[in-house]
Amino acid sequence: MMHRRQKSLAFVVFVLGLQSWPSSAFETESVDILVVTSSKHEGDPVDTGDRSIKIASNIDVYSISSVNGDMHVEDGARIAFAETTGRGDIRLERNVRSIAGLDSPVRIISSTGNIFIGRGSRLNGGVETNMGRIELDDARVADIASCEGDVIVGAGSRVSGGIYVIGNGDKIDVDKITGYEILTYTPCHAPVEEWSDEEGSEARNLPLAPTAAHRQSRVVIGPGAVVKGNLVFGHPVDLYVHKSAHIGKVHGATAVIYDSEEPPPSTAEEGGPSPTALVVGAGKKMRGDIWSIDQNVEIGSNANVGEISTVNGSVHVLEGAEVSQGFGSIDTVQGAVHIGPGATVKGYIATVNGDVFLEDRANVSGSVSTTTGQVRIARDAKIGRGLSAKYGSIFAGSGSQLESVSSARGDIAFVATLIQGNVCTHTGNITVGAGSRVDGAIQVSSSECFGSEDEVPGPEATPPRIVVGPNVEVRDGIVSDKPIKLYVHRAARVGKITGAEAILYDSDTPPQE
């Protein structure tokens, strides 16, 4: 059944936490992140376009929605509805709950993004995505539905209803199998392509065309996990069930029972679909490099591997793992790169059309670069060489140490961060958050960041907005060869300013245009 709802365009930005990841230190306009730190209820939803959303710990938020932005719901928050109608990911941390006393169950929906439900979270409704990955980590939900995505029901998790992986074109009657209408069932629609200007501003999804052959999903039911309802699959999937798990009836697949800590890697029959992922189990040491064309690559926690290269897949390095043998680099063209807490990459990270995400204490000895993707860095992470996102935005959280930072057209923001070189942009905004130090210069240039092929537009372009916050030090000053709006806090220390005139301020936030 197709999910449709009215979208409110009104929202209020509440107090921004200066030291909280991933918010900007001063204003969210310089990076596409909206931070909410006060409760919002049914009449006042949080609703953005392409901006990402962060919901602070232990507050109530009735409705959260975005088109292509990511969502991050922190520990202990309570929600009733979360949806990304485009390509955004949704991450719920520990102990996220449903708001009590609601007439309808919670729904967590992403059109093509990934969904993660953290440990101890308890939701009385369903989770669905078209093609993204759904993962539960000792969490509880009602139903899980996907068109072609992977589903990981982690150890100790519980699904009170069923799991449904059914795409457009699959000839299967779910209600006939279950005997009732399921709470959640993905309609298999493409990301939102446009917004209607008609009353109600209703999002309009374009249906995905039925395909002859589906991507082969990987479904894993981990140790001690429970799925009380049916597991229904409309096309071939790789289904792995731990011997200690308990599940309902299976329709459309044959379960492979395993008793190891990690499920076996997927295998495909000759001429059939490719495996969904190359997986190196937790604690394993794998000699040699990992090469792939169309597969995702996952490196288990505390594992140790060599160079990773894939064309159309993403790379996920879990907590404490090391990519350190040989060159120890990570290369992908179309995929994202996710480096878990405390994980180490000896070489560089490079992706063309993917995002890069470094969690707390991640350490990359080489450079990090993406062309069209965004870069998000949590707390206390380190990058030994240059960090660049040609057309995407960059954010770094408190305690991080970076060598140099550049983005031709994306916004740059960081808070309580050490930059050992320059910060450079052509047309992007820059926010240097409280307590940061830049050992080099801030440059706004037509050619210094990525070369003259990226010359800035003519005088009709909006001048970049540069904000230098309190207790910030920029040792080599600020240099611009084009008009900019420059705001410098009176408590900041800045070297020589060339090509611009600073507007001084002493408030918590810089002046608004």
Side-chain angles (χ1 to χ4, degrees), residues 22 289-290 299 304-310 315-317 321-333 335-426 428 430 432 436-443 445 447-451 454 474-476:
D289 300 333
I290 299 173
I299 309 303
N304 188 303
V305 300
E307 181 177 351
I308 300 171
S309 180
T310 180
V315 177
H316 193 178
V317 180
E322 296 183 11
V323 183
S324 60
Q325 299 177 44
F327 290 108
S329 297
I330 298 175
D331 261 305
T332 181
V333 178
V337 178
H338 188 136
I339 309 299
T344 299
V345 178
K346 174 185 174 183
Y348 63 82
I349 295 174
T351 177
V352 177
N353 296 322
D355 296 337
V356 178
F357 180 32
L358 273 59
E359 294 199 48
D360 293 352
R361 308 179 313 284
N363 191 333
V364 181
S365 299
S367 61
V368 173
S369 65
T370 178
T371 301
T372 62
Q374 302 180 19
V375 179
R376 293 291 180 264
I377 302 171
R379 298 174 181 267
D380 303 314
K382 295 182 180 180
I383 299 176
R385 302 289 295 275
L387 165 60
S388 64
K390 194 168 187 179
Y391 300 113
S393 61
I394 295 173
F395 176 83
S398 61
S400 294
Q401 298 182 32
L402 313 175
E403 195 268 339
S404 63
V405 182
S406 59
S407 178
R409 304 187 187 279
D411 294 341
I412 299 172
F414 45 89
V415 57
T417 296
L418 170 61
I419 310 294
Q420 296 173 316
N422 298 330
V423 180
C424 189
T425 187
H426 288 340
I430 298 175
V432 185
S436 296
R437 191 180 90 199
V438 180
D439 288 344
I442 295 176
Q443 299 174 308
S445 171
S447 59
E448 291 297 322
C449 292
F450 285 88
D454 281 304
V474 184
R475 292 188 172 181
D476 290 345

Contacts table for residues 346-353: side-chain donor-acceptor under 3.5 angstrom, sequence neighbours left out:
{"from": "Lys346", "atom 1": "NZ", "to": "Gly326", "atom 2": "O", "distance (Å)": "2.9"}
{"from": "Tyr348", "atom 1": "OH", "to": "Asp331", "atom 2": "OD2", "distance (Å)": "2.6"}
{"from": "Thr351", "atom 1": "OG1", "to": "Gly335", "atom 2": "O", "distance (Å)": "2.8"}
{"from": "Thr351", "atom 1": "OG1", "to": "Gly354", "atom 2": "N", "distance (Å)": "3.2"}
{"from": "Asn353", "atom 1": "OD1", "to": "Thr372", "atom 2": "OG1", "distance (Å)": "3.1"}
{"from": "Asn353", "atom 1": "ND2", "to": "Gln334", "atom 2": "OE1", "distance (Å)": "3.1"}

Would you be so kind as to tabulate the donor-acceptor pairs closer than 3.5 Å made by side chains of residues 412-423, with sequence neighbours excluded?
{"from": "Thr417", "atom 1": "OG1", "to": "Gly397", "atom 2": "O", "distance (Å)": "3.1"}
{"from": "Thr417", "atom 1": "OG1", "to": "Val415", "atom 2": "O", "distance (Å)": "2.9"}
{"from": "Asn422", "atom 1": "OD1", "to": "Ala441", "atom 2": "N", "distance (Å)": "2.7"}

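When each of Val337, Thr332, Val333 is checked for a side-chain contact (heavy atoms from CB on, under 4.5 Å) with Thr310, only Thr332 meets the rule.
Under the rule for a salt bridge (charged side-chain N to carboxylate O under 4.0 Å, His left out), Asp476 has no partner lying at least two apart in sequence or in another chain. Arg385 meets the side chain to side chain donor-acceptor pair (under 3.5 Å) test with no other residue; sequence neighbours excluded. By the side chain to side chain donor-acceptor pair (under 3.5 Å) test, Gln401 pairs with no residue at all, sequence neighbours left out.
Counting heavy atoms from C-beta outward, Glu403 and Ser367 have side chains that stay 4.5 Å or more apart. Side-chain contact check for Ile430 versus Asp411: every heavy-atom pair is 4.5 Å or farther apart. The shortest side-chain heavy-atom distance between Val323 and Ile339 does not fall under the 4.5 Å cut-off. Two residues are said to be in side-chain contact when any heavy atoms from C-beta on lie closer than 4.5 Å; Ser406 and Thr425 fail this criterion.
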message: Please evaluate residues Ile377 and Val368 with respect to the criterion side-chain contact (heavy atoms from CB on, under 4.5 Å), reporting the C-alpha separation (whole Å), side-chain torsions for both, the decisive distance (0.1 Å), and the verdict.
response: CA-CA 11 Å; Ile377 302 171; Val368 173; over 6 Å; no
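Within the structure, the side chain to side chain donor-acceptor pair (under 3.5 Å) test picks out the following pairs touching residues 354-365 (sequence neighbours left out): His338-Glu359.
With values rounded to the nearest 0.5 angstrom, Leu402 atom CG is found 11.5 Å from Lys382 atom NZ. Interatomic distance, CD1 of Ile308 versus CD1 of Ile330, reported as 4.5 Å (0.5 Å rounding). For the atom pair CG of Asn304 and CD of Glu322, the computed distance is 5.0 Å after rounding to the nearest 0.5 Å. Once rounded to the nearest 0.5 Å, the distance linking CG of Leu387 with OG of Ser369 reads 9.0 Å. For the atom pair Arg409 CZ and Tyr391 OH, the distance stands at 6.0 Å (nearest 0.5 Å).
Heavy atoms only, all atoms of each residue included: Ala321 and Ile299 are closest at CB-CG2, 3.9 Å. Shown here for Gly340 and Ala362, the closest heavy-atom pair between the two residues is O-CB, 3.9 Å. In this structure, Val345 and Gly328 approach most closely via the heavy-atom pair CG1-O, 3.3 Å. Of all heavy-atom pairs between Gly392 and Ser407, the closest is O-OG, 2.8 Å. When all heavy atoms of Val474 and Gly440 are compared, the closest pair comes out as CG1-O, 3.9 Å.
Counted by atom type alone, Asp380 and Ser400 present zero donor-acceptor pairs between their side chains at under 3.5 Å.
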